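Right, one structure below, let's go through it.
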2 protein chains.
Amino acid sequence: MARDTKKRRAELRERLIDIAEAQIREEGSASLRVRALAEKAGCAVGAIYNVFSEMPGLQLAVNGRTFARLGQRVTTAVSSRAEAPPVERLIVMAEAYLKFAADDPNLWRALFEVEMTADSEVPDWYLKDLSQLFAIIAGPLSELDPSAGPDEIDLRTRALFSSVHGIVFLGLERRISGVPMHRMEAMIEYLLRSFAKGSE
Amino acid sequence: MARDTKKRRAELRERLIDIAEAQIREEGSASLRVRALAEKAGCAVGAIYNVFSEMPGLQLAVNGRTFARLGQRVTTAVSSRAEAPPVERLIVMAEAYLKFAADDPNLWRALFEVEMTADSEVPDWYLKDLSQLFAIIAGPLSELDPSAGPDEIDLRTRALFSSVHGIVFLGLERRISGVPMHRMEAMIEYLLRSFAKGSE
DNA sequence: TTATTCAATGAACATCGTTCAAACCAAAAG
DNA sequence: CTTTTGGTTTGAACGATGTTCATTGAATAA
């Protein structure tokens, strides 16, 4: 019996994540409703709380998937041009990031909208995945300037990632501007070529 | 009577913004409660809706103040060093931005957390103030490279502002990293000197 | 003084996340 | 086969939330 329960729980868990993911993709993370979830999943509201003790946990689970896909997209984008000079690789990665965000703005935005109650800590995989993403960026950067120590590389990595993130974030913020895609690409290219010039 | 009413409304309006501002500063914009507001303002909940037809409107009013203070801080910071070379002025402005955000993280964050219902448009002053902020940045940038046309300057301005914003945003995101202040300053300086090098 | 007008009031409403006593089910025990 | 038992699933109920609107009340006009 215990086995059966575990299986059903796991199935329900996956189903819930599927439904929540679709909902966030289409209507944004603020549109998640327990009751709507329960109806679509064909279970009672209480059953959801057997799997996710709080709603933010479900959000976090969706974010886990999103993060994984993001990492994959960036990785495959850069691996297809492994021989290109460091700057070009940085640009490829940054534009993969941009494209990912533009393709699924709601899911991407949800990554930064996790409700932060006092008790819920940041999961380990969150920080691990993030540092992996940083590691991918650090590669070309240290190639660009082999004389820079690890501390300096870390600083530049964070600065660069944050900058690209800022461009994407404000660029996709419909209410402020609504910058067309090709201009965002131009900004990123300008940013990264400047970076490269400043780091050689 | 009409005069009296108008006056009382205006007073209540100011009082509400005061209270909401203090609340957001201390507990974040998500902690705003109509009932708590009414109690502190000494009025009924309904009275609030005579002044702000929806809660997001009050948020927006607080943001208006915040934006004004932000603009002032950046402007006075740079005007105190009007003779410095363009790069230095950019750094001064960016660090004023950083310091402003770090001093009042909740109020600053609230600028980007406005609930966006379909009907509520972005107020005019929002875009106007933003373009004013952009204009301040554009100055040093076009000094740095007089050959760049207005379109190119606009692109660089947005890219630079967004980049600084990204560094501050992710740096203050406690849950991801919690980057110490001096490292954020170092990132900004690195970013802007690279920018300058790439633009000359 | 009386009538009129409009703002202020706060109980009521709809909706949200969350809880928990009761119903239920499947396996073990009698 | 029937009964007991342990755990899960259920959905009504709870406490908060933003928002509304019939009622109250006070100030002006007649």
Side-chain angles (χ1 to χ4, degrees), chain A residues 1-17 19-21 23-24 26-63 106 110 113-120, chain B residues 1-21 23-24 26-63 110 113-120:
Chain A
M1 173 188 56
R3 179 80 128 288
D4 224 42
T5 293
K6 217 175 232 174
K7 195 170 176 182
R8 278 230 309 271
R9 283 260 180 106
E11 274 176 20
L12 178 60
R13 191 189 149 86
E14 288 308 304
R15 203 163 3 127
L16 284 173
I17 301 180
I19 296 168
E21 186 179 20
Q23 178 67 32
I24 293 178
E26 279 156 37
E27 314 253 9
S29 68
S31 76
L32 272 189
R33 299 292 118 101
V34 213
R35 287 169 178 78
L37 242 75
E39 195 175 6
K40 289 198 184 184
C43 71
V45 289
I48 293 177
Y49 286 85
N50 288 334
V51 183
F52 296 100
S53 62
E54 288 164 355
M55 282 296 278
L58 176 54
Q59 262 241 40
L60 228 55
V62 174
N63 283 355
N106 286 333
E113 289 174 349
V114 245
E115 184 81 16
M116 266 333 213
T117 47
D119 53 342
S120 68
Chain B
M1 172 190 54
R3 179 82 126 291
D4 224 42
T5 292
K6 216 176 233 173
K7 197 171 178 182
R8 278 231 310 272
R9 283 261 180 108
E11 275 175 18
L12 178 60
R13 191 188 149 86
E14 288 307 306
R15 202 161 4 125
L16 284 173
I17 301 181
D18 284 343
I19 296 168
E21 186 178 20
Q23 178 67 31
I24 294 178
E26 279 156 37
E27 313 253 9
S29 69
S31 75
L32 273 187
R33 298 292 119 101
V34 213
R35 286 167 179 80
L37 242 76
E39 194 176 6
K40 287 197 184 185
C43 72
V45 289
I48 292 178
Y49 286 84
N50 288 334
V51 182
F52 297 100
S53 62
E54 288 163 356
M55 284 295 279
L58 176 54
Q59 261 240 43
L60 228 56
V62 173
N63 283 354
E113 290 173 349
V114 243
E115 186 82 14
M116 268 331 215
T117 46
D119 53 343
S120 67

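Quantities reported herein were computed from a predicted structural model and do not represent experimental measurements. Each chain gets a letter, A, B and so on, in the order its sequence line appears, and its residues count up from 1.
Summarising the geometry, the separation between CD on A:E54 and P on C:dC16 is reported as 19 Å, rounded to the nearest angstrom. Rounding to whole angstrom units, CD of residue A:E39 and P of D:dG11 are separated by 12 Å. Separating the CG atom of B:N50 from the P atom of D:dT20 is a distance of 11 Å, rounded to the nearest angstrom. Distance, B:I48 CD1 to C:dA7 C1': 15 Å, rounded to whole Å. Protein atom CG of B:L37 is 14 Å distant from nucleotide atom C1' of D:dT19, rounded to whole Å.
Sparse packing is recorded around CD of B:E39, with 12 or fewer heavy atoms of other residues, nucleotides or ligands lying under 6.0 Å away.
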Produce the list of close N/O pairs, under 3.5 Å, pairing protein atoms with atoms of nucleotides 16-18 of chain D; give distances to one decimal.
unit_1 : atom_1 : unit_2 : atom_2 : d
D:dT17 : OP1    : B:R33  : NH1    : 3.3
D:dG18 : OP1    : B:L32  : O      : 3.0
D:dG18 : OP2    : B:V34  : N      : 3.2
D:dG18 : N7     : B:R35  : NH1    : 2.8
D:dG18 : O6     : B:R35  : NH2    : 2.8

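With D:dT8, C:dT9, D:dT10 as the candidates, the nucleotide lying closest to the side chain of A:C43 is D:dT10.
Minimum heavy-atom separation, B:S29 to B:Q59: CB-NE2, 3.4 Å. Counting all heavy atoms, side chain and backbone alike, B:K40 lies closest to B:Q23 at NZ-OE1, 4.0 Å. Considering every non-hydrogen atom in both B:V45 and B:V34, the closest pair reads CG1-O, 4.3 Å.
Here the side chains of B:L60 and B:F52 are not in contact, with every heavy-atom distance at 4.5 Å or above.
For the side-chain contact (heavy atoms from CB on, under 4.5 Å) with B:L12, the qualifying choice from B:N50, B:I48, B:V51, B:I17 is B:V51, the only one to do so.
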